[in-house]
Structure formats: structure tokens, C-alpha cells
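Take a look at the structure below.
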Amino acid sequence: MTDSTSPTSVVRLRTTLDNVPGYVPGKPAAQRADLTTYKISSNENPYPPLPSVIKAVQEAALEINRYPDMGVVALREALAQRFGVGVDEVATGTGSVGLLGQLLQITCEPGDEVVYAWRSFEAYPIVIALAGANGVAVPLDSDSRHDLTAMADAITDRTRLVVVCTPNNPTGPVVHADELDAFLDRVPDDVVVVIDEAYLEFGRDHRAPDALATYRARQNVVVLRTFSKAYGLAGLRVGYAIAHEPVAAALRKAATPFGVSDIAQRAAIASLEAYDELAVRVDALVTERDRLLTGLRQLGYAVPDTQANFVWLPLGDRTPAFAAAAEEAGLVVRPFATDGVRCSIGEVEATDRLLQVAADFIKR
Ligand SMILES: *Cc1c(COP(=O)(O)O)cnc(C)c1O
């Protein structure tokens with residue numbers, strides 16, 4: 001759904017702005033007197049921050065009169081150590097959406113092409129259009145998975161960037177390691193391929209690629225990850241890229257100066273240190289996801305596989321009706337036009353209620 005209701009302007013603005021779709025955020029859940037409402041529209045982590053993370057945030061709050069470390073050195077060192085790469089191979093940004101914008105800035109001149117799958121993350125067409133680049137959206141296959149053969153076929157002399165989202169938001173499946181390798185063999189060496197792994201930690205499919213191994217083997221691969229989902233820091237805006245030195249250096253050059261706050265930097269470090277505790281929560285969300293997926297399929301819904309913290313209901317033109325039925329039951333889901341509904345994994349009660357809504361809806 002594009003929302004380019006731009007007010008008319010006296011001053012001259014870039015005409016490319018007319019091509020920029022608006023980001024539709026997940027709606028907040030309205031308060032209701034009769035029942036607890038749940039927001040399962042933005043793939044957020046339902047758990048509150050860990051005590052150790054809150055402590056880091058409180059300490060950092062005492063110094064917000066100062067700019068943060070512009071080099072984000074301590075966090076980059078922690079990430080480098082964790083993933084066995086050099087500090088110079090790490091770049092950070094204001095969420096991985098921030099890094100996506102940086103990637104566009106460092107790869108694309110106006111008119112250059114970016115190949116990506118569709119439907120996928122709705123930020124892609126936005127950052128591409130903002131850069132004045134031309135997005136080449138390649139339809140998903142019938143299992144709601146990336147069609148990597150068609151994506152390789154879509155690469156031209158003008159292609160500068162390819163985005164592979166795995167697991168794919170909003171549909172859920174991963175690309176398979178062998179498909180990704182065959183695909184990368186066909187991509188010219190000078191075209192950057194970004195593997196967006198925002199939901200990596202929720203994956204349990206052994207066919208998924210080892211993106212870091214792929215990265216080590218290929219000079220043109222960038223791995224993009226975030227603290228927003230499994231780590232539960234969506235409100236702090238911090239993500240990172242693992243990229244070969246020239247690319248990582250360019251990404252750091254294109255970053256908003258002091259964009260990642262000290263609060264975010266310290267919370268991210270504390271979260272890396274507390275990952276064992278967070279992993280327990282991720283496991284619980286995976287269990288809940290599998291319960292929801294099984295329940296929906298038993299009801300007769302054609303839900304694709306999901307390796308993320310959400311499920312996709314490909315409801316076509318029944319999408320708005322399902323979203324309305326969910327809202328009536330106190331659940332805010334995320335409808336995408338007349339394609340389908342994405343439901344994030346939240347509280348156990350939200351899953352129970354969603355299954356009830358789905359059971360009632362199918363009887364209509
Ligand atoms: C949520 C998400 C991101 C991360 O967003 P942040 O800016 O890091 O909060 C990146 N890619 C995909 C596919 C996502 O769904």
C-alpha cells in the first residue's frame with residue numbers, strides 16, 4: 001500500500017520523492033475496558049528488557065549531555081569478537097533500516113538498479129526510491145519463498161545491489177544454503193549482495209545458510225542484523241552489518257554522525273553479554289510460533305513455513321476482513337493490502353486468542 005499523499009510545495013523538492021511509498025507502522029493496540037489488547041503487528045519481542053540491560057541504560061542515561069562514541073568502538077569490538085571477524089569489518093547504524101539506507105548510499109547512483117524479492121520487507125522500496133535508484137521486485141514463488149533463479153535472471157549491467165531477506169519478512173521461510181550458493185555463483189563480483197538476517201535467532205531450519213561462512217567466502221556479500229527482534233531493543237535503534245573492509249568503511253562513512261546513541265550502544269553490549277538469558281526467551285517464542293503454525297494449518301489455513309517470530313496468512317482479498325475480526329477480539333495484526341496478514345508471536349494469551357479468531361473466521 002503506497003501512501004504518497006505529499007502536500008504540494010512551493011519550493012522545489014526532488015521529484016524522486018513522489019516515488020517513495022510511506023512506511024506503514026504496525027498500529028498500537030487500543031486500550032479497552034472489556035479485555036486486554038495485544039499488539040502483534042510489528043514483530044516486536046513481547047518480553048520486557050532484562051535487568052542487566054536496564055542497568056546499562058540507566059547508567060548511560062546519566063551522561064546524555066555528552067555525544068556518544070562516534071566510532072561505536074566498544075560495541076563493534078564486542079560484535080567482532082562474538083562473530084570472529086575484525087573490528088574493521090563491522091559497521092553499525094540506527095537499526096538495520098538505517099544501515100539499509102547507508103548501503104543504498106554507498107552502492108547506487110540515481111538510475112542504478114536494486115533487485116529484491118516481493119513481497120518482502122516494506123522498507124526496501126522506500127530506501128531504494130529515496131536513493132533515486134530503480135527497484136526491481138521479483139515475485140516470491142508459490143511457497144512464499146525467494147525465487148533466486150528469477151532474481152539472478154533480473155540482474156543487469158545497472159544492478160548494484162541485491163537484497164536477500166532470510167527468513168523473509170512478512171512470509172517467514174528461509175532461503176536454502178545450496179540455492180544461495182548457486183545464486184551467488186551467478187552474481188557478478190562487483191554487485192553487492194546483502195543478506196538481511198533480522199530474524200536469524202528464531203531460525204531452526206537446518207537448510208538455512210550460514211551467512212557468516214558465505215560472507216567469508218565471497219567478497220561481495222554483506223550480512224545485516226539487528227538488536228530489534230530477538231534481542232528486544234526495537235525502541236533503541238541499533239543494528240549492524242558485517243562487511244569486507246572497503247564496504248564496511250564506506251558504510252561507516254555514510255552513517256548519520258552520532259546516530260547510535262550511547263544508551264543504545266551500552267544496551268547492545270549488555271544484550272550480547274546476556275545472550276544466554278535472551279536465548280531462553282527466543283526458544284519460548286519459537287515453541288509458541290510452532291504451536292500457532294500447527295494450529296492454523298489444522299484449521300485449514302495455507303500458512304507457509306516460518307523461521308521467524310511471525311506467521312503469514314495469505315488471505316488475498318479476505319485480508320482486511322481478517323484484520324477487522326482480530327481487532328474486534330483485541331488483537332492488532334498487520335494486514336498487507338490484499339495479500340495477507342502477518343501476525344507476530346507475542347504473549348501466550350495472544351496466540352490462544354488468534355487461534356480462536358482464525359477458527360471463527362474460517363466458519364464464516
Ligand atoms: C525488523 C526488520 C529489520 C530491522 O529493523 P531495525 O531497523 O533494525 O529495527 C530489518 N530487516 C527486516 C527484514 C526486518 O523485518
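Ligands are counted one by one from 1 in listed order, and the atoms in each one are counted from 1 as well.
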Nitrogen or oxygen of [X] less than 3.5 angstrom from that of ligand 1:
X: R237; answer: yes
X: S228; answer: yes
X: G239; answer: no

Cationic N near anionic O, under 4.0 Å, [X] to [Y]:
X: E179; Y: R207; result: no
X: R76; Y: D69; result: no
X: D210; Y: R216; result: no
X: R281; Y: E277; result: no
X: E63; Y: R266; result: yes

Got a sec: does the CZ of R32 have more than 12 other heavy atoms crowding it under 6.0 Å? yes
Taking 4.0 angstrom as the limit and counting only heavy atoms of [X], give me the atoms of ligand 1 inside it, by number and element.
X: A198; answer: 2 (C), 3 (C), 10 (C), 11 (N), 12 (C), 14 (C)
X: N169; answer: 13 (C), 14 (C), 15 (O)
X: C165; answer: 13 (C)

Between ligand 1 and D196, can you find any atom pair, the residue atom being a heavy atom, that is separated by under 4.0 Å? yes
Aromatic ring proximity, centroids under 6.0 angstrom, Y199 and F310: yes
State yes or no: are the ring centers of F183 and H146 separated by less than 6.0 Å? no
Closest to atom 14 (C) of ligand 1 (heavy atoms only, candidates E122, K229, E197) is K229
Structural part of V97 in contact with ligand 1, heavy atom criterion under 4.0 angstrom: both
Taking 4.0 Å as the limit for heavy-atom contacts, which would you say applies to Y199 with ligand 1: side chain only, backbone only, both, or neither? side chain
Where is the nearest protein heavy atom to atom 10 (C) of ligand 1: which residue, which atom, and how far? S96 OG, 3.2 Å
